[in-house]
Number of protein chains: 2
Amino acid sequence: MTAPKSYRAPVLADVATAANVSVPTVSRVLNGTKYVAPELKQRVHEAIAALGYRPNGAARSLRSTQRTLVSVLAGGTANYGYAQTIQGIEIAARQAGMAVSITVVESASDEHVKRAVDLTLSQPTAGVIVLEFDRAGLRASRSLPEGLPMVVVGGGSRRVGPVAAALIDERAAGRRATEYLLDLGHRTVHHVAGPTEGKHSGRTEGWRAALKAADAAVPQVMNAEWDARSGYRWGERIAERRDVTAVFCGNDEIALGIMRALTDHGLDVPRDVSVIGFDDQPLVSLWRPALTTVDQDFEDLGSRAFGLLLRQTEGETNLPASVVTPELVIRESTAPPPH
Amino acid sequence: MTAPKSYRAPVLADVATAANVSVPTVSRVLNGTKYVAPELKQRVHEAIAALGYRPNGAARSLRSTQRTLVSVLAGGTANYGYAQTIQGIEIAARQAGMAVSITVVESASDEHVKRAVDLTLSQPTAGVIVLEFDRAGLRASRSLPEGLPMVVVGGGSRRVGPVAAALIDERAAGRRATEYLLDLGHRTVHHVAGPTEGKHSGRTEGWRAALKAADAAVPQVMNAEWDARSGYRWGERIAERRDVTAVFCGNDEIALGIMRALTDHGLDVPRDVSVIGFDDQPLVSLWRPALTTVDQDFEDLGSRAFGLLLRQTEGETNLPASVVTPELVIRESTAPPPH
DNA sequence: CTGAAAGCGCTTACAG
DNA sequence: CTGAAAGCGCTTACAG
């Protein structure tokens, strides 16, 4: 319960004094940038340990171009895909000895975008990774100044414009999932998407492409929020119809909500209705029935994004987009249609 | 495909030149720290907009004590509790106009702890919030220098030592959950905890206290990992025993794994065995049966932690710990024991 | 009220 | 190989 002593962190000059060397010499042993006599080196290390010295990052990044902070700009942090991607970035950054800062873009409004971008750029950042998972992220990536190392992360199959991109090919995955259902014998596949923000997602595009290629009817898209509750509500409506035998969902949570609604209304999944999700969240394999879904490797996505950023900070330009096609994981929630 | 122009961000001096005022004047209008003539102010704002100027945070924090970065030190980022807490911190920080940086402590080893702490402290941070959800976090909080604003976040019921703390009273919650099962008529309650790292968690302590208070037998603790797969394995063992009628689990994922194993082995939850989880993750209310669990408000926890940190940076000391007791949410996975 | 000067803690030429 | 000096982009006394 003593009053805390006011904290004056030791600075490089303190170390120099204690080790009886000059300030630049301490800097040199710290950065290993030039040869320093072993004896001095030794004294410096002892002084650092004795004083508990830690370099001041602000000062360091003011003078040098070397940065230890990479910034992430995202529409959120806690949803499955966001959290996993951020984790992937963090792990890769850690291996490179860098910390990661996160700034959430609250909405796609001009004010929120500007505020988030300003906050990010006022940190001494090596570059920024933008999660283009929603409109807020999309807007943010367009507000970044040219010349700053940056990479966008999203669900496309090719980058647009010259900016570096780490992508998951949602379109191919959506198509694959829909084709699987068609191959099982379903005449068509219904689709409950997430909120449509301006344009359809790759998942939705892939679904439509598969139906068209198979000459199947293209039912109207049902738009839900990304959560299970919203899926449940669509599930109740679907339970009342007799024409729906297969549903491809925008994500796993919607799929789980739909399955629960269907079974609550006396239908059997997959005997009466087949359901496919998107993401392969950890718990969905435990569900009854275990969910057939698309495995998105977000952690790998984040890791690839960081790799691209690092190469940019090292001066590489015009990097090819890094794109991966996710796998369909077949489990228990899909079957041939009822006779 | 033009080669990117090398990026030289405009600095304060550029704004001063463009607005035809002195450098300190620009600083003043930026920070609103002193009266500036409306006309000059106007010119400065125009110059800022024209040049797209953004203050350099490194330089700013070098000279002033004002910081726009708050650091989080944690053993992970993607698990439910971690992600939610970080989100709570982020939302509160955003409202205060601050960005958040995250550094993961890879393990409790000296090397990993030191590396994470060094990386954090080399950023221009206003203070650090440490997630004491695991041993890595616990070790990290002890390695931070005195005098630095810091708050620990964890599952205790009181802080230890003088450091500020935002807590969730797991002990009270564990006790409440166990008592509920006892009140339902179970003779005792079994417990599948997470990994025990040195000492038992508050949940386990609360469970034990409830049993002792009720004079019930205290079965041996079963230790699982935090994931559902590990819970499933314990569920298989439990299914073979006939003496287990109620299980209190360290988290929801373990509970879900156990439930699935139990039903896979022909048992009915809750008729044969009651199961209680811990966390109240979003999906568990959709499960069949919907999981009875403890609702931990991690987002609120993060928000409280940030509040405490802010007060410290404003000079307050000796802040009381902020502790909240989570609620038991009763759903479908619990019932009286079989006759 | 506004400007010229000093200085925050480092790194990077520049001398020796 | 090592040290004295300059400078990164700001903010904060200090003059006027």
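Every chain is numbered from 1 and lettered A, B, ... according to where its sequence line falls, protein lines coming before strand lines.
For D/dG3, the OP1/OP2 oxygens have a side-chain nitrogen or oxygen of A/Thr25 closer than 4.0 Å. Look at A/Ser22 and you won't find any side-chain N or O under 4.0 angstrom from OP1 or OP2 of D/dT2.
Note: CZ (B/Arg60) to P (C/dG7) measures 22 Å, nearest angstrom. We find that CD of A/Glu39 is positioned 13 Å from C1' of D/dT2, with the value rounded to whole Å. Rounded to a whole Å, the CZ atom of B/Arg54 is 16 Å from the P atom of D/dG9. In this structure, A/Leu62 atom CG and C/dT12 atom C1' are separated by 13 Å, rounded to whole Å. Computed from coordinates, the A/Asn56 CG to D/dG9 P distance equals 16 Å when rounded to whole Å.
For B/Ala47, the side-chain contact (heavy atoms from CB on, under 4.5 Å) partners are B/Val15, B/Ala18, B/Ala19, not counting sequence neighbours. Every side-chain contact (heavy atoms from CB on, under 4.5 Å) that B/Ala116 has, sequence neighbours left out, goes to B/Leu73, B/Thr103, B/Val105. Residues passing the side-chain contact (heavy atoms from CB on, under 4.5 Å) test with A/Thr17, sequence neighbours excluded: none. Contacts of A/Phe306 classified as ring-ring contact (aromatic ring centres under 6.0 Å, His included), with partners at least two apart in sequence or in another chain: none. Taking A/Lys114 as the reference, A/Asp118 meet the salt bridge (Lys or Arg N to Asp or Glu O under 4.0 Å) condition, with sequence neighbours excluded. By the side-chain contact (heavy atoms from CB on, under 4.5 Å) test, A/Ala13 pairs with A/Val11, A/Val23, sequence neighbours left out.
Stretches of at least 3 consecutive Watson-Crick or G-U wobble pairs, with each checked distance under 3.5 Å, appear in DNA chain C as C:1-3 with D:14-16, C:5-12 with D:5-12, C:14-16 with D:1-3.
Applying the salt bridge (Lys or Arg N to Asp or Glu O under 4.0 Å) definition to pairs two or more places apart or across chains, those involving residues 9-30 of chain B are B/Arg8-B/Asp14. For residues 307-319 of chain A, the set of pairs meeting the salt bridge (Lys or Arg N to Asp or Glu O under 4.0 Å) definition, not counting sequence neighbours, comprises A/Arg311-A/Glu316.
Counting non-hydrogen atoms under 4.0 angstrom, B/Val23 reaches a base of the nucleic acid.
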Report task. Could you please spell out the steps behind the side chain to side chain contact (heavy atoms under 4.5 Å, CB included) verdict for A/Met98 and A/Leu69? Result -> CA-CA 5 Å; A/Met98 301 183 77; A/Leu69 190 67; 5.9 Å; no
Validation: residues 79-93 of chain B side-chain donor-acceptor distances under 3.5 Å, sequence neighbours left out:
residue	atom	partner	partner atom	Å
B/Tyr82	OH	B/Asp134	OD2	2.5
B/Thr85	OG1	B/Gly81	O	2.7
B/Gln87	NE2	B/Glu299	OE1	3.2
B/Glu90	OE1	B/Arg94	NH2	2.7
B/Glu90	OE2	B/Arg94	NE	3.0
B/Glu90	OE2	B/Arg94	NH2	3.3

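Considering only heavy atoms from C-beta on, A/Asp297 stays 4.5 Å or farther from A/Arg304 through its side chain.
Toward the 5′ end of DNA chain C lies the nearest nucleotide of B/Val36, the other residue of the pair A/Ala59 and B/Val36 mapping further downstream.
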Sort me out a list of protein N/O and nucleotides 13-16 of chain C N/O pairs below 3.5 Å, or just none if empty.
residue	atom	partner	partner atom	Å
C/dA13	N6	A/Arg28	NH2	3.2

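Here the side chain of A/Arg63 is nearest to one of D/dC10, D/dC8, C/dT2, namely D/dC8. Each of D/dC8, C/dT2, C/dT11 was ranked by its minimum atom distance to the side chain of A/Asn31; first place goes to C/dT11.
Contacts between residues 11-19 of chain B and DNA chain D, defined by a heavy-atom separation below 4.0 Å, involve B/Val11, B/Leu12, listed by number.
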